[in-house]
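Here is the structure we will look at, set down as structure tokens.
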Amino acid sequence: MSPVVARTRAELKAARAGMGGVVGVVMTMGALHSGHAGLLRAARESSDHLVMTLFVNPLQFGPNEDFDRYPRTFERDLEIAAAEGVDVVFAPTVDQMYPHGEPSVRVNPGPVGEILEGASRPGFFHGVLTVVSKLLHLTGADVAYFGEKDYQQLTLIRAMVRDLDLDVEIRGVPTVREPDGLALSSRNRYLSDAERRIALALSRALRAGAQAAADGEGPEATLAAADKELDGPELDYLVLTDPDLGPPPEHGPARLLVAARVGTTRLIDNIPVEIR
Ligand code: AMP
């Protein structure tokens, strides 16, 4: 069945009023792919009702980023949402989301918002957390699902919910990949065939690092093993951290994260790693 499409806050409120039980939400910027579909499926399985938001949030794009050319594929997105059992798609205009213009009050992500993605994209996580908190309030969801693909985003959303006592449960869902390892991303469609081959270095590097760690190699050798695979893309960062993005542990669970540019496209990926 086709989802109800809510374009305004009032339409969302009306659709939301009819929902009992556990309401799940998946927030997207559209241009849906199998990664989003996997996230929707995970959400569907443990929710009585499922809301998907579709909003390309201008607040989280820098002046030289791809806001204008970000892919917009609404009809196809609706088909995917329908196939995954979404009940309501909330697809507001910018004016609906920000009726008073750019908000002067924003959620401050703190120091973790200034490293990695935040260092390359100033103000990015202020924009992300502000829209996520607005969408949590507007949808009134009980559980919100986010992809581990955007690991720093997931970490900061968990911190926001904890630090600001938001009444919602956050669940992370593992990254969906192409058979050759490339993490699915709406921005992959910017890549030429040649660039796509170069982009494979990111997931290859993460796998090499995870394997080195599994072989008992320790943090430095883990990073070195990953780094060896990264000729081709223009590297922004390759880091090993603890699961909360702090300094890497000597033993136990860790996260290996990479960001790189291939042509004009910036790609990110990450993987869980066990330091032995
Ligand atoms: P986006 O539309 O890129 O803002 O992503 C919307 C949600 O989908 C976010 O929670 C992302 O982390 C998640 N997502 C994007 N790509 C993937 C993927 N390959 N696997 C799992 N989740 C993903």
Side-chain angles (χ1 to χ4, degrees), residues 24-47 50-62 65-67 69-74 76-78 80-81 84 86 89-92 94 97 116-117 121 124-136 139 141 143-161 168-191 196 199-200 202-203 206-207 245 255 257-259 265-272:
V25 67
V26 169
M27 299 180 189
T28 79
M29 297 204 300
L32 300 191
H33 48 64
S34 314
H36 296 110
L39 195 56
L40 290 168
R41 213 165 301 148
R44 173 79 272 175
E45 274 166 19
S46 42
S47 310
L50 181 55
V51 180
M52 183 184 97
T53 68
L54 194 171
F55 181 61
V56 185
N57 176 32
L59 231 52
Q60 70 192 65
F61 285 79
E65 293 187 354
D66 55 347
F67 178 73
R69 73 170 182 133
Y70 196 83
R72 287 158 171 92
T73 58
F74 187 68
R76 178 77 190 120
D77 294 346
L78 272 191
I80 294 173
E84 298 303 337
V86 171
V89 172
F90 179 48
V94 172
M97 279 307 282
L116 307 176
E117 288 306 287
R121 309 178 69 185
F124 173 65
F125 286 116
H126 293 75
V128 170
L129 294 188
T130 300
V131 82
V132 167
S133 84
K134 283 166 73 80
L135 289 170
L136 288 173
T139 59
V143 188
Y145 295 80
F146 294 91
E148 290 184 355
K149 161 76 171 37
D150 300 284
Y151 190 77
Q152 190 176 6
Q153 169 176 289
L154 172 61
T155 304
L156 283 167
I157 290 168
R158 286 192 198 286
M160 172 177 76
V161 164
V168 63
E169 184 187 332
I170 303 299
R171 291 194 193 152
V173 176
T175 302
V176 179
R177 298 176 180 281
E178 303 271 19
D180 61 9
L182 186 69
L184 286 159
S185 162
S186 303
R187 291 189 168 98
N188 288 353
R189 65 189 79 194
Y190 298 151
L191 300 171
R196 194 188 173 289
L200 280 177
L202 274 74
S203 53
L206 296 178
R207 280 199 308 274
L245 299 177
R255 205 86 195 178
L257 303 99
V258 66
T265 306
R266 194 164 176 286
L267 299 171
I268 59 173
D269 200 354
N270 69 87
I271 198 173

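Just follow the structure's listing: the first ligand is 1, and inside any ligand the first atom is 1. In what follows, every heavy atom counts, from backbone to side chain, and hydrogens, waters and symmetry copies are set aside.
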In short, Gly35 meets Leu184 closest at the heavy-atom pair N-CD1, 3.5 Å
With a cut-off of under 6.0 Å to the ring centre and 45° to the axis, is Arg69 in cation-pi contact with Tyr190?
yes
Looking at Phe67, is Arg72 sitting on its ring face, NZ or CZ under 6.0 Å from the six-membered ring centre and within 45 degrees of the normal?
yes
Which one of Asp180, Asn188, Thr265 satisfies the side-chain hydrogen bond (donor to acceptor under 3.5 Å, both in side chains) criterion with Arg196?
Asp180
When you check ligand 1 against the protein, what N or O pairs turn up below 3.5 Å? List the atom names and distances, or just say none.
{"residue": "ligand 1", "atom": "2 (O)", "partner": "Met29", "partner atom": "N", "Å": "2.9"}
{"residue": "ligand 1", "atom": "2 (O)", "partner": "His36", "partner atom": "NE2", "Å": "2.9"}
{"residue": "ligand 1", "atom": "5 (O)", "partner": "His36", "partner atom": "NE2", "Å": "3.4"}
{"residue": "ligand 1", "atom": "10 (O)", "partner": "Gly147", "partner atom": "N", "Å": "2.9"}
{"residue": "ligand 1", "atom": "12 (O)", "partner": "Gly147", "partner atom": "N", "Å": "3.2"}
{"residue": "ligand 1", "atom": "12 (O)", "partner": "Gly147", "partner atom": "O", "Å": "3.3"}
{"residue": "ligand 1", "atom": "12 (O)", "partner": "Asp150", "partner atom": "OD2", "Å": "2.6"}
{"residue": "ligand 1", "atom": "16 (N)", "partner": "Leu184", "partner atom": "O", "Å": "3.4"}
{"residue": "ligand 1", "atom": "19 (N)", "partner": "Val176", "partner atom": "O", "Å": "3.0"}
{"residue": "ligand 1", "atom": "19 (N)", "partner": "Leu184", "partner atom": "O", "Å": "2.8"}
{"residue": "ligand 1", "atom": "20 (N)", "partner": "Val176", "partner atom": "N", "Å": "2.8"}

I need the Thr155 OG1 to Glu148 CD distance, nearest 0.5 Å.
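Reported to 0.5 Å precision, the distance equals 9.0 Å.
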Should Arg177 and Asp269 be marked as a salt bridge (charged side-chain N to carboxylate O under 4.0 Å, His left out) after you check the CA-CA gap, both sets of side-chain angles, and the distance that decides it?
CA-CA 10 Å; Arg177 298 176 180 281; Asp269 200 354; 2.9 Å; yes
